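Have a look at the structure below, then the notes.
Scope of the values below: all heavy atoms of this structure, side chains included, with no hydrogens, waters or symmetry mates. Because the structure is a prediction, the values reported are computed rather than measured.
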Amino acid sequence: MAERPLEVAARPGRGGRGSIARTWAALLRRPASGAAVGTVLMFVLFAFLARPHFLTLPSMASTLTIAAELGIVAMGMTLLMIGGEFDLSVGSVLGVSSVTVPWLMERGWPAAAAIPVAFLVALGIGLVNGVIVNRTQIPSFIVTLGGLFWWRGVLFAVTRGFPIRVDQGDPGFAPFSTRLAFGFNVSLFWFIAVGFALSFLLVRTRFGNWVFATGGNVRTAQQLGIPTKRVKLVLFALTASMAALAGVIQVGRFSGVDSLRGSGLELEAIAAAVIGGTRLTGGYGSVAGTALGCLMLGIIQNGLVLAGIASYWYRAFIGLLIVAVVIVNQRAGRLSPPR
């Protein structure tokens with residue numbers, strides 16, 4: 001009789017441990033969990049390696065500027081990847097957008113008129129990518145890889161390899177290039193605004209459900225009546241528009257733009273999305289995870305410089321992170337698959 005109360009009393013304890021385990025497993029299933037842990041670890045690591053400069057306000061401003069400009073592109077890429085597609089041309093689209101603005105300004109256009117044209121050019125490129133993928137069924141990896149080389153070649157033809165100077169005094173750049181206190185840039189506000197908008201679109205709207213369904217199983221989505229081709233077309237256009245926004249921000253921040261602007265950005269954007277928990281197979285991911293992945297890459301890039309470590313180790317860090325995150329996500333998926 002004396003043991004029974006003890007046994008009954010022990011059950012809540014086991015239940016409590018089970019509840020904690022279930023809560024922990026649920027957290028691990030979230031796309032952003034790995035990126036959150038990695039971001040904290042990288043922050044602590046470089047706070048030690050690059051002390052005392054890393055924890056200063058100018059250093060934080062530099063980190064957030066890097067994360068913001070990459071994140072604007074990467075968050076658009078995230079929705080496209082969740083929808084089951086890739087866009088390897090975003091770096092070239094950013095370059096085209098950023099060159100379009102000063103190129104038109106040299107011909108008498110004010111920035112307020114040139115910037116919308118840059119967005120329209122990027123939107124057109126995104127729509128062309130989407131139409132080709134939808135109509136030919138050629139993998140988007142191949143279509144946009146061709147776009148990457150084509151538009152980069154166009155940039156070289158237009159600029160002839162020389163940088164184009166930017167009139168930063170034009171008031172049209174103010175919404176994209178205003179510098180705030182302690183070196184913080186207005187791009188941080190664009191980063192936050194885009195993050196909230198795309199997260200709301202993905203999680204709280206019917207279109208977001210269509211994106212997950214299209215990337216998860218396109219045939220099933222079509223059988224359910226989801227316009228998968230239209231979804232992909234919108235996602236390609238959205239991704240290109242985000243690249244244009246980042247390009248315009250960079251135009252306002254730098255005194256000149258050259259034909260290499262945005263080179264390699266596509267791989268960093270995909271890396272940030274993967275680090276943030278987005279699956280390469282589609283149907284799974286989050287904007288918040290990608291934002292954290294961008295923040296982690298910003299911490300690494302800025303931290304390496306402040307720690308006096310050669311900048312080429314940045315690429316090495318990205319490579320290791322991608323492999324490590326994919327392995328962790330794969331094992332976490334086996335142990336506790338998402339419901």
Side-chain angles (χ1 to χ4, degrees), residues 23-79 81-82 182-185 187-196 198-199 202-203 246 265 267-280 284-307 309 311 313-333:
T23 301
W24 180 249
L27 288 173
L28 288 178
R29 284 199 297 267
R30 292 183 177 274
S33 59
V37 173
T39 300
V40 172
L41 290 176
M42 290 296 106
F43 184 87
V44 172
L45 174 64
F46 285 106
F48 173 76
L49 292 179
R51 65 185 188 279
H53 304 291
F54 182 77
L55 296 177
T56 62
L57 283 175
S59 172
M60 295 296 102
S62 178
T63 296
L64 291 173
T65 297
I66 295 169
E69 293 178 3
L70 171 61
I72 290 170
V73 180
M75 289 187 292
M77 180 77 80
T78 297
L79 267 67
M81 290 174 63
I82 293 173
F182 305 107
F184 288 90
N185 195 285
S187 60
L188 176 60
F189 292 97
W190 282 106
F191 177 53
I192 294 172
V194 168
F196 275 111
L198 295 186
S199 185
L202 186 63
V203 178
L265 180 70
L267 298 182
E268 288 189 48
I270 293 174
V274 172
I275 291 169
T278 301
R279 290 180 180 171
L280 295 171
Y284 186 83
S286 77
V287 173
T290 298
L292 287 170
C294 293
L295 182 58
M296 187 194 308
L297 295 183
I299 289 172
I300 293 172
Q301 186 171 344
N302 187 48
L304 288 174
V305 172
L306 294 177
I309 302 174
S311 59
W313 283 107
Y314 172 63
R315 302 287 179 180
F317 264 96
I318 293 178
L320 289 176
L321 280 172
I322 292 173
V323 176
V325 167
V326 170
I327 291 174
V328 170
N329 287 342
Q330 184 184 40
R331 292 190 175 276

(message) For A50 versus G303, what's the shortest heavy-atom pair and its separation?
(response) CB-O, 4.0 Å
(request) Applying side-chain contact (heavy atoms from CB on, under 4.5 Å), run through E69 and W190 and close with a yes or a no. (result) CA-CA 9 Å; E69 293 178 3; W190 282 106; over 6 Å; no
(message) Check for me whether the distance between the ring centres of F48 and F54 falls short of 6.0 Å.
(response) no
(request) Please examine the side chains of M296 and I300, heavy atoms only from C-beta on, and report whether any two atoms are closer than 4.5 Å. (result) yes
(message) Between T65 and A61 (side chain of the first, backbone of the second, donor and acceptor by atom type, cut-off under 3.5 Å), is there such a pair?
(response) yes
(message) Given 3.5 Å as the limit, does a donor-acceptor pair link the side chain of T39 with the main chain of L292, or not?
(response) yes
(request) Could you check T278, I270, I72 and say which one makes a side chain to side chain contact (heavy atoms under 4.5 Å, CB included) with M77? (result) I270
(message) As a quick check of understanding, evaluate side-chain contact (heavy atoms from CB on, under 4.5 Å) for M81 and V274, giving each step before the final call.
(response) CA-CA 9 Å; M81 290 174 63; V274 172; 4.1 Å; yes
(request) Can you see which heavy atom on A269 is nearest to which on V73, and at what distance? (result) CB-CG1, 4.2 Å
(message) Minimum heavy-atom separation for G276 and A35, please, with both atom names.
(response) CA-CB, 3.8 Å
(message) For E268, give me all partners under side-chain contact (heavy atoms from CB on, under 4.5 Å), at least two apart in sequence or on another chain.
(response) L70, Y314, R315, I318
(request) Could you tell me the separation between the CG atom of L202 and the CG atom of L79, rounded to the nearest 0.5 Å? (result) 5.0 Å
(message) As an exercise, state the distance from CG of L198 to OG1 of T78, rounded to the nearest 0.5 Å.
(response) 8.5 Å
(request) Could you tell me which non-hydrogen atom of F184 sits nearest to which non-hydrogen atom of L64, and how far apart they are? (result) CE2-CD1, 3.5 Å
(message) If you compare all heavy atoms of L304 against all heavy atoms of F317, which two are closest, and at what distance to 0.1 Å?
(response) CD2-CE1, 3.9 Å
(message) For T63 and L295: C-alpha separation, side-chain torsions, deciding distance, then whether side-chain contact (heavy atoms from CB on, under 4.5 Å) applies.
(response) CA-CA 7 Å; T63 296; L295 182 58; 4.3 Å; yes
(message) For C294 versus G71, what's the shortest heavy-atom pair and its separation?
(response) SG-CA, 3.3 Å
(message) Within the structure provided, determine whether V194 and V287 are in side-chain contact (heavy-atom separation under 4.5 Å).
(response) no
(message) If the condition is side-chain contact (heavy atoms from CB on, under 4.5 Å), which residues does L267 pass it with, not counting sequence neighbours?
(response) none
(message) Distance check, rounded to the nearest 0.5 Å: F46 atom CZ versus I299 atom CD1?
(response) 9.0 Å
(request) Give the C-alpha distance, both sets of side-chain angles, the deciding distance and a yes or no for side-chain contact (heavy atoms from CB on, under 4.5 Å) between T56 and S59. (result) CA-CA 5 Å; T56 62; S59 172; 3.4 Å; yes
